[in-house]
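Comments concern the structure below.
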Amino acid sequence: MERSKMNINKTDREKLKWFFKKYIYIGKTHLILIIGLIFIGSLVANISPYLYGKILDSITLGDMDFLIKLIIIYFFIIIFTNLLSMLEGYVGKVVNFRLSKNAQIELFDKIIRMRTLAYNKYEVGELISRLNGDTDSIVSFGINLITNTLHIVINMIVSLYFVIVISIRLSSVAIFYIPMTFLVTYFARKYFKELTEQRKKFSDKYFSFQNEMFSNNTGIKSFQLENKINDKYKSFIENEFNLLKRSIHLGNIIQLANSLIITISSLYIIYLSALLINDGILTIGLMVSFNTYINKLFSSISQVFSINISLQEVMVSLNRIIEVMSEESEDSNELIFEKYNDPTLKCVDMIFSYGDEKENVLRDMTINIDKFGLYSIVGSNGCGKSTFAKLLIKLYDIRSGNIFINGLDYFEFSYNFIRSNITYVQKEEFFFNDTIINNIRLASEFLKEEDIEMMCKKVGVDEFIKTLPEGYRTIIGEGGYTLSSGQKQKLSIARALLRDTPIYIFDEVTANLDGKAEKDIMRIMKEYSKSSIILFISHKISSIMDSHKIFVFDDGRVMDSGSHDYLIKNNQMYNELFKNREISIQLKGVEKIGG
Ligand SMILES: Nc1ncnc2c1ncn2[C@@H]1O[C@H](COP(=O)(O)OP(=O)(O)OP(=O)(O)O)[C@@H](O)[C@H]1O
């Protein structure tokens, strides 16, 4: 998919040009069809007021033959224009839907692939509101602009022609109408833009709030926050109401000013028409036709001004889309890369911080793993263990230093390559609202059912799955909420191992497992460590003590490393970390995991 070169610092003109080229131009065939329909429709529809005036005049003259002819023509014109407008409406809706969904598909892809640091800047509600609300409003505006422009131009030219032909003196009303309407628009623009910005910010917060509240229902109940949250929701509604009131007031003021201008103009026309009819220069029929054409002309002029107002609102949406589109994203190279079967992993002087102003989370982190095995990472809360894991799968870029996989520079690798070779299992692993089997098949869609079952048996979750009414085809709900946290951990381990990568990082995946389950899982880890590098982050001594090597993290560095026996004898911090935990039991000589 084409990547955007647009950025927020370009001029409004450049941004609009980019937007039309990117989102509207692709619908050109349909748009040309609509424009054609509008062109014919407008031309034909513009004849009817003139015909109507003629009908009135032939009634006055008593010319019945001519009247019947005119009535028949008038009837067919009305039917024809209505059919055209129905067709135009249909094609318009279809093209609007297609173009706006195209824009959404592209934006969705952009959000999904956005670099994690950029992604973290946005609240979820904000992204949802930009994806749905802003794309729709800019695309609708673009289509309306293209189609209405022709409509407006035709209406203007034809109305102007008839207005001048019928009476040049009556047309002088425009000298008052046009500058007054311009003035109203000029003042309205600024306020509309401000109001739109406020409304957009409001909906970002509003969606984020709802998203957060609905995702934390258990916490809300257990902390008895229902009333507090309901009050907050009510205050959102109150704010929304205030914004609505402001927008109604602003709309009313503009409407009042416009209707005042129109009323004054109409009264002027009536007065002047009376004078002209008295002088025998104008007929009643022509006066009616003139009125219709001048109203068409005025409405076309006010449409031009209102496009100008909408443009201010649309620029707000466009800027919000461009902001997201210009964020850095991960490349979308779809090539399948060969996996390394004999990997080594070396991290040299890695430095990383989440933000410029923040302290470095990792400082001169150096780790060298030159053969398969089970390696553990331990350290106090917040010392950078998960951050280290996320850097290995390139969710963030290190500020300096380097990482080598099989001696090759990590910066040379694509995201796909890295993630085809390293599987990272998070503390709280993700699950979709789908069946168990489909959640496991996220590892690879080609997995055979018997292989999945075998792996589930291995991690000790198969028996449970088979007790479920639909077995492996049971839907587990959003985030897998129908499963226990231990069951989720077992499933996430099974799914990860089925990816069959040479390097695995497991982040506290035994935290919720009971003693026996943990022992079983560590036995599997041992087995897999014969043919892959397994990095095991844990706070449980029972999970790590049997590792080939344990890295002790402190203050963003590896402060020591070695076997459990070595560290327990020589490293005070390691001892401190596991003080008062199972260590005392473990040291008394329990059975060694995997032994
Ligand atoms: N997305 C983020 N943005 C900003 N700071 C972050 C982010 N994620 C983590 N941090 C900070 O980075 C530091 C390291 O966090 P990290 O999650 O790597 O620690 P950890 O060693 O895995 O901790 P724990 O043992 O508690 O899981 C912490 O100080 C944390 O506040």
Side-chain angles (χ1 to χ4, degrees), residues 111-127 208 211-212 215 327-330 345 347 349-367 375-401 403 415 422-430 485 488-489 492-493 496 504-513 518 534-545 547 549-561 567 571 573-583:
I111 294 171
I112 292 288
R113 292 178 196 281
M114 203 190 287
R115 300 272 1 237
T116 311
L117 212 50
Y119 183 86
N120 289 346
K121 286 196 307 204
Y122 299 92
E123 290 174 28
V124 174
E126 198 178 343
L127 292 173
S208 288
N211 178 56
E212 211 166 20
S215 328
E327 295 289 3
E328 219 187 311
S329 44
E330 297 183 348
L345 178 68
C347 306
D349 300 333
M350 281 165 72
I351 294 182
F352 175 76
S353 74
Y354 282 100
D356 290 338
E357 73 286 351
K358 282 204 170 180
E359 291 249 302
N360 285 336
V361 175
L362 299 189
R363 311 150 201 264
D364 302 324
M365 170 77 69
T366 296
I367 281 184
Y375 301 88
S376 286
I377 297 175
V378 297
S380 53
N381 292 131
C383 72
K385 302 180 294 296
S386 302
T387 303
F388 171 74
K390 288 171 188 166
L391 286 168
L392 288 187
I393 62 157
K394 233 177 175 175
L395 284 182
Y396 304 96
D397 285 331
I398 49 177
R399 301 227 175 256
S400 68
I403 301 172
Y415 298 99
I422 304 178
T423 300
Y424 170 50
V425 184
Q426 312 162 72
K427 282 178 195 135
E428 304 268 328
E429 192 57 333
F430 73 97
S485 42
K488 277 197 266 190
Q489 288 201 316
S492 66
I493 293 166
Y504 294 95
I505 311 165
F506 291 100
D507 199 344
E508 291 185 41
V509 291
T510 55
N512 302 318
L513 299 184
E518 182 190 5
I534 294 187
L535 281 170
F536 212 81
I537 301 172
S538 181
H539 291 292
K540 277 177 131 177
I541 193 144
S542 44
S543 290
I544 57 143
M545 60 185 297
S547 307
K549 198 175 199 175
I550 301 165
F551 298 96
V552 185
F553 279 24
D554 182 37
D555 200 20
R557 290 186 185 89
V558 177
M559 58 102 68
D560 204 353
S561 63
L567 290 168
N571 192 295
M573 182 168 179
Y574 186 78
N575 271 294
E576 295 267 321
L577 279 174
F578 300 108
K579 219 181 217 173
N580 303 327
R581 301 188 79 153
E582 312 102 301
I583 190 161

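Every number for a ligand or one of its atoms is a count from 1 in the order of the listing.
In this structure, Ser542 and Glu518 approach most closely via the heavy-atom pair OG-OE2, 2.8 Å. What you find for Asp397 and Arg115 is that their closest heavy atoms are OD2-NH1, 2.8 Å.
The atoms of ligand 1 that sit less than 4.0 Å from any heavy atom of Lys427 are 22 (O), 24 (P), 27 (O). For ligand 1, the atoms closer than 4.0 angstrom to any heavy atom of Gly384 are 14 (C), 18 (O), 19 (O), 20 (P), 21 (O). Near Asn120, with a cut-off below 4.0 Å to any heavy atom, the atoms of ligand 1 are 1 (N). Heavy-atom contacts of His539 reach the following atoms of ligand 1: 25 (O) (cutoff under 4.0 Å). Close approach to Val361 involves these atoms of ligand 1, each under 4.0 Å from a residue heavy atom: 12 (O), 13 (C), 14 (C). Close contacts of ligand 1 with Glu508, meaning ligand atoms under 4.0 Å from a residue heavy atom, involve 25 (O), 27 (O). Shown in contact with Tyr396 at under 4.0 Å from a heavy atom are these atoms of ligand 1, numbered in order with element: 1 (N). Proximity to Thr387 (heavy-atom distance under 4.0 Å) selects the following atoms of ligand 1: 14 (C), 15 (O), 16 (P), 18 (O).
Side chain of Glu327 to backbone of Ala118: no donor-acceptor contact under 3.5 angstrom is found.
With distances taken over non-hydrogen atoms, the option nearest atom 5 (N) of ligand 1 out of Tyr354, Phe553, Phe388 is Tyr354. Relative to atom 24 (P) of ligand 1, the option among Leu362, Asn381, Val378 with the closest non-hydrogen atom is Asn381. For atom 28 (C) of ligand 1, the candidate residues are Ala511, Gly556, Gly355, Gly382; the nearest heavy-atom contact is made by Gly382.
Looking only at side-chain heavy atoms (C-beta outward), Ile422 and Lys394 stay at 4.5 Å or farther from each other.
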Candidate pair Thr116 and Lys390, rule side chain to side chain donor-acceptor pair (under 3.5 Å), full reasoning: CA-CA 10 Å; Thr116 311; Lys390 288 171 188 166; over 6 Å; no
Residue pair Glu123, Ser208: steps toward the side chain to side chain donor-acceptor pair (under 3.5 Å) verdict: CA-CA 6 Å; Glu123 290 174 28; Ser208 288; 2.9 Å; yes
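Aromatic ring pairs are classed by plane angle as parallel below 30°, tilted from 30° to 60° and perpendicular above 60°; the pair Phe506 and Phe536 is tilted.
Between Cys383 and ligand 1, at least one pair of N/O atoms sits closer than 3.5 Å. The shortest N/O to N/O separation between Gly379 and ligand 1 does not fall below 3.5 Å.
Taking 4.0 Å as the cut-off between side-chain N and carboxylate O, Asp507 and Lys385 do not count as a salt-bridged pair.
Sparse packing is recorded around OH of Tyr119, with 12 or fewer heavy atoms of other residues, nucleotides or ligands lying under 6.0 Å away.
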